[in-house]
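A note on names: the letters A, B, ... follow the listed sequences, proteins ahead of strands, and every chain is numbered from 1. Predicted model, so just to flag it, every value in this text is computed and none were measured.
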Amino acid sequence: MIFRIDRRLLQNVDWALLAAAGVIVALSVLSLWGLAWGGGSGIALRQLGWVGVGLGALVVVASLDYRTLVRAAPALYVAGLGLLVTVFILGRTVSGARRWIHVGPLTVQPSELFKLIFVLTLAWALTSRWARPLSRATLAWTVGLAAVPFLLIVRQPDLGTALVLLPVLAAVLVGVGLRLKVLAALGLGAVAATPLAWLALKAYQRERLLVYLDPFRDPLGTAYNVIQAKIAIGSGQLLGKGVSGATQSRLAFLPERHTDFIFAVFAEMWGFVGCLVLLLAYGLLVLRGFEIAAGAREPRGRLVALGVTVLFATQMLINLGMVTGLLPVVGIPLPLMSYGGSSMVVSLMGLGLLLSVRMRQFQ
Amino acid sequence: MEMRAAPGARGEAWSRRVLAMTLIVAAGFVCLVGQLWYLQVLEGARFREMSEKNRIRVRPVAAPRGILYDRHGLALVDNRPAFTVSLIPRDIEDRNSVLARLSILLKVPIAELQEMLARVPEDSLRPVRVRRDLSLEDVARVEEWKLELPGVVVEVEPQRVYPTTTFAAHLLGYVREVSEEQMKQGRYRRGDMIGQVGLERLLDEYLRGRDGGERIEVDALGRPVQVMQREEPRPGAQVVTTVDRRIQEAAERAMAGRSGSVVVMDPRSGDILAMTSSPAFGLDRFAGSLDREAWLTLVKDPAHPLLNRALQSQYAPGSLFKIVVAAAGLQEGSLTPMDRTYCTGQFRLGAWTFKDWMTGGHGHMDLRSALVQSCNVFFYQAGLKVGPDAIARYARAFGLGAPSGIELGGEKPGFVPSPALRRSQGKPWHGGDTVNMSIGQGQVLVTPLQVARMMAAVANGGILWKPRLIQRVERADGTLAYSESSRMTGQVDLSPLVWAFLRDALRGVVSEGTGRGARLPGIEVAGKTGTAQTIANSDSARGQDHAWFASFAPADDPQVVVVVLVERGGKGGQVAAPIAREIYRAIFLEKVAMASTGTDS
């Protein structure tokens, strides 16, 4: 039953979505290969390997009925929280934050994985038989479920990932009909609660958060990244400098160039025109996602599709906003582009969820 | 956009909401395209030029560390500008020749420079400080060779400066470059100067301030062309301590050449006015880059100069402890001022003989004269009468055997033995243990700081203060970051008659007894001498006892407590009391001077 893929389902595979994702992934591997141009291409190959793993995961998730996954959400939620707590115990500290755990030769970032569990949990909490949508109890219960992992991720600290969860929560709540007024009140409540969280942080953690919000507090760190990223992007001009001419990226003026700042590499190599192509692919992807959400006829499918799409769009907008200097620097990867196994696999699994909803739209 | 809306009102509402969200995301896309247009098309040429000669460097501007003041506003430490030589790894073209040249100019082993560079990525732009506090000659030599030394920069940074090199060394502590171990905490950056011990460490978060930075454009040789942006450093907070610089200096002067500790406390507030520990170490030696050998010499020095003897060393209190025995006996009723004994110079208990320090004995003794003359035989008997449990109880009430609560790290708790404690270890308590305990020998251990707290309680009628070192911390903008008021952490309940008796006896110690060495014209000192027998490790060390003098003055209105400990100095009355006298002379300078001239005329 679970793995049954009949012809009816295959007819409804969203090829446009897959094509857009394919273009982005190809550009990612190309950029990573370009970065290593003249040196080895190990990182591009490894990324390609992750794409392979991710595609496998995508097929598995797509062939599963998303309703089964929503039913399994409580178990996934508990397991996910377990992983988040494990990070604090076994986690490896990299530049002051504990985000990764070792599994054999690999390092896994549980907060990445939790993003999808988060979406499934919200869909479950708002649609289970006894949860009457929009009652106060349901609302409180949903927000409570969301708050626990949020706080755990903030404590790591991984402010970027935590912030991505908020728009997803807001979008799903609005989706089930929450009035904007109530949402605004919740938002104000959250803002009012921040001083409490602030008190719980250590002085240097506060400092780190302040640097997130105001990079010039740390003129040697993030402010430097931002200016170098701007130079890289701007110097790409209309048509880009090509792989060999992308000195700004290749000569390592650009920090985090394989991961969070990979868009700057791409922009330097392929210029404004290349960026438009990439943005078009992202736009198509997000648009398909919203269409799948709009077209779903059943509440669980709607919420899952909406949550995944908003998750994707938020990550993309925040990352591109920070790399182009529109937003403060919070470290989050660009989905499907940035180098990194956890992010790539989880992004592709997210697309698998979208496909799963789409394929079962007419059942 | 194509919307496959489900039939029915709810479906339409859903589609509408999804459409609204799509539009929000679309607006984000429009912003991004706009920004890319601005960066790549409108400003593209400018950025292209910048990327072609990427000459932007970021240079840290160190924040001046906060200043520590004494209670009257005199600086205990200050900052002065100093020259620092740094390397910018990315700008070094030929690593070997630049390091070799620099190594010769600065007389630093090349291996040390290589080691420093090996810790950071090769293409790092962040300066790696290799030498702090350069002499002017060194600076001139480096500047002379500037063109041959790409990637080497000389900067001016604030640096700690001390009144004298060893002044209040243990109290203030020193500042040193963050160690590899501390780097792992994730809150420091390589090259940060952080407080390592004492107040510098305790208050590091406040004192450090925040470094600023400059974004500068440099030419092909790495020389700055213009400052593009500058973030001013934020200076560290200023700390007002309770220390009195004049008294601290006097105490250090009086202890010159001795090994030991002085604690001066205000019995009315618990304020630490001075705290010394000798031998001390040169604070300024840590500020520059201390080489490994110098550091090892300091750590391995058999005199342990890094140890703060005021709170990190424990000693037998010797006869100081008789104050506790007398207080316990009087309050419990097992001793009275009328008790008399004849001291023959020795005391027998079973098969054991305990000697008095005065061969031949003190003759007729009552409680007051036994305190004044520090008669051991009297206290052997008194201790047996009072009992070890009561003595231990009162000793703990006076704050012995437990940390005083001072924030400086590494405080030792001392030790107060008792039969109950001994039994819990499965060992018996003998009468001889009581005898030893009543003159502060045996297992009893105290720190000079604990003794100061105890004497303050005697002086003020029973209040045990938490020793206070910091009055307040003020941020650079004048706002208060932290303040501390005097805090009572215990009280010794004795009848006023007992306090009066004790104070009168202690007055007698100085005016007519073993503490005469502390007598001063114009100021009446009350105190108690102590000579702590040490276990001799060798024949040559035999007989070198620790000398104690614990005191307060003026006797009728106590304003200061002075505790002196001289390690292996000899008899308390002969060695420690005169040191206390010199400290009192400095504290009550005017009064003493007036009294002296008065007697002259």
Side-chain angles (χ1 to χ4, degrees), chain A residues 93 95-97 171 174-175 177 202-205 207-208 216-220 223-224 227-228 230-238 241 247-248 251-253 267-268 271-272 275-276 279 282-283 286-287 290-291 293-297 302 306 309-310 313-314 316-317 320-321 324-326 361, chain B residues 1-6 10-11 13-15 17-22 24-26 28-29 31-33 35-52 54 56 58-61 90 121 123 125-126 184-189 205 210-215 229-231:
Chain A
T93 307
S95 56
V174 170
K202 290 181 187 151
Y204 69 97
Q205 288 175 321
E207 182 65 24
R208 194 170 295 142
F216 287 99
R217 281 182 80 89
D218 183 12
L220 303 184
Y224 182 77
I227 183 75
Q228 293 297 352
K230 274 189 175 175
I231 293 176
I233 296 171
S235 65
Q237 291 184 294
L238 196 62
K241 301 196 254 185
T247 51
Q248 183 75 11
L251 298 181
F253 279 109
E268 186 183 16
F272 185 66
C275 291
L276 281 189
L279 284 181
Y282 273 115
V286 172
L287 196 61
F290 278 126
E291 277 191 54
R297 297 192 185 167
R302 287 176 171 176
L306 181 68
T309 308
V310 170
T314 312
M316 189 204 71
L317 288 178
L320 294 183
T324 54
L326 288 175
Q361 194 172 334
Chain B
M1 105 178 227
E2 175 200 13
M3 277 282 183
R4 262 166 280 190
R10 287 210 51 190
W14 168 256
S15 300
R17 290 190 211 116
V18 174
L19 178 63
M21 288 180 217
T22 314
I24 292 174
V25 172
F29 267 90
C31 290
L32 278 177
V33 173
Q35 175 75 352
L36 286 172
W37 175 262
Y38 167 77
L39 290 176
Q40 299 189 295
V41 180
L42 297 184
E43 293 285 317
R46 190 166 70 89
F47 283 122
R48 173 71 64 103
E49 199 190 318
M50 283 168 97
S51 82
E52 270 158 17
N54 198 317
I56 292 163
V58 177
R59 197 163 70 176
V61 180
R90 166 179 284 284
D123 55 3
L125 280 165
R126 207 163 259 183
K184 288 186 189 139
Q185 297 172 16
R187 62 167 103 179
Y188 304 113
R189 264 208 298 254
E205 289 283 329
R210 212 179 51 226
D211 289 352
E214 273 178 345
R215 208 148 66 207
Q229 192 176 5
R230 183 181 162 96
E231 169 85 355

Hey, could you give me the [atom1]/[atom2] distance between [X] and [Y], rounded to the nearest 0.5 Å?
X      : Y      : atom1 : atom2 : answer
A:L238 : B:Q40  : CG    : CD    : 8.5 Å
B:R46  : A:K230 : CZ    : NZ    : 8.5 Å
B:M21  : A:L306 : CE    : CG    : 5.0 Å
B:I24  : A:L317 : CD1   : CG    : 11.0 Å

Requested in this report: Heavy atoms only, distances under 4.5 angstrom: which of B:L39, B:V41, B:V33 has the most pairs with chain A? Name it, please.
Outcome: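 Answer, by heavy-atom pair count under 4.5 Å with chain A: B:L39.
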**Report entry** Expected output: side-chain B:W14 to main-chain A:R297 donor-acceptor under 3.5 Å
**Finding:**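 No, because the side chain of B:W14 does not come within donor-acceptor range (under 3.5 Å) of the backbone of A:R297.
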Report task. Could you tell me which portion of A:V286 (side chain, backbone, both or neither) has an atom closer than 4.5 angstrom to a non-hydrogen atom of chain B? Result ->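 Side chain of A:V286 only, per the 4.5 Å heavy-atom cut-off to chain B.
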**Report entry** Portion of A:A313 that has a non-hydrogen atom of chain B nearer than 4.5 angstrom
**Finding:**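 Just the side chain, heavy atoms under 4.5 Å.
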Requested in this report: Under the side chain to side chain donor-acceptor pair (under 3.5 Å) rule, collect the residues that match up with A:Q237, sequence neighbours excluded.
Outcome: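 If we apply the side chain to side chain donor-acceptor pair (under 3.5 Å) test to A:Q237, skipping adjacent residues, the hits are B:R48.
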Query - Engaged part of B:Q35 at the chain A interface, taking heavy atoms whose separation is under 4.5 Å - result: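 The answer is the side chain of B:Q35.
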Query raised in the report: Contact part of B:A45 toward chain A, heavy-atom cut-off under 4.5 Å: side chain, backbone, both or neither?
Result: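 Both backbone and side chain of B:A45 come within 4.5 Å of chain A.
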Requested in this report: Kindly indicate, with the supporting measurements, whether the criterion side chain to side chain contact (heavy atoms under 4.5 Å, CB included) is fulfilled by A:T309 and B:V18.
Outcome: CA-CA 10 Å; A:T309 308; B:V18 174; over 6 Å; no
Query raised in the report: For A:A294 and B:S15, which heavy atoms make the closest approach, and how far apart are they?
Result: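 Scanning both residues, the minimum pair turns out to be O-OG, 4.2 Å.
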Query - Heavy-atom closest pair, residues B:L32 and A:G321 - result: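 Scanning both residues, the minimum pair turns out to be CD2-N, 3.9 Å.
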**Report entry** Contact winner vs chain B - A:A293, A:G236, A:G234, heavy-atom pairs under 4.5 Å
**Finding:**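 Of A:A293, A:G236, A:G234, A:G234 has the most heavy-atom pairs under 4.5 Å with chain B.
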**Report entry** With sequence neighbours excluded, residues passing ring pair (Phe, Tyr, Trp, His ring centres under 6.0 Å) with B:F29
**Finding:**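 With sequence neighbours excluded, B:F29 shows a ring pair (Phe, Tyr, Trp, His ring centres under 6.0 Å) to no residue whatsoever.
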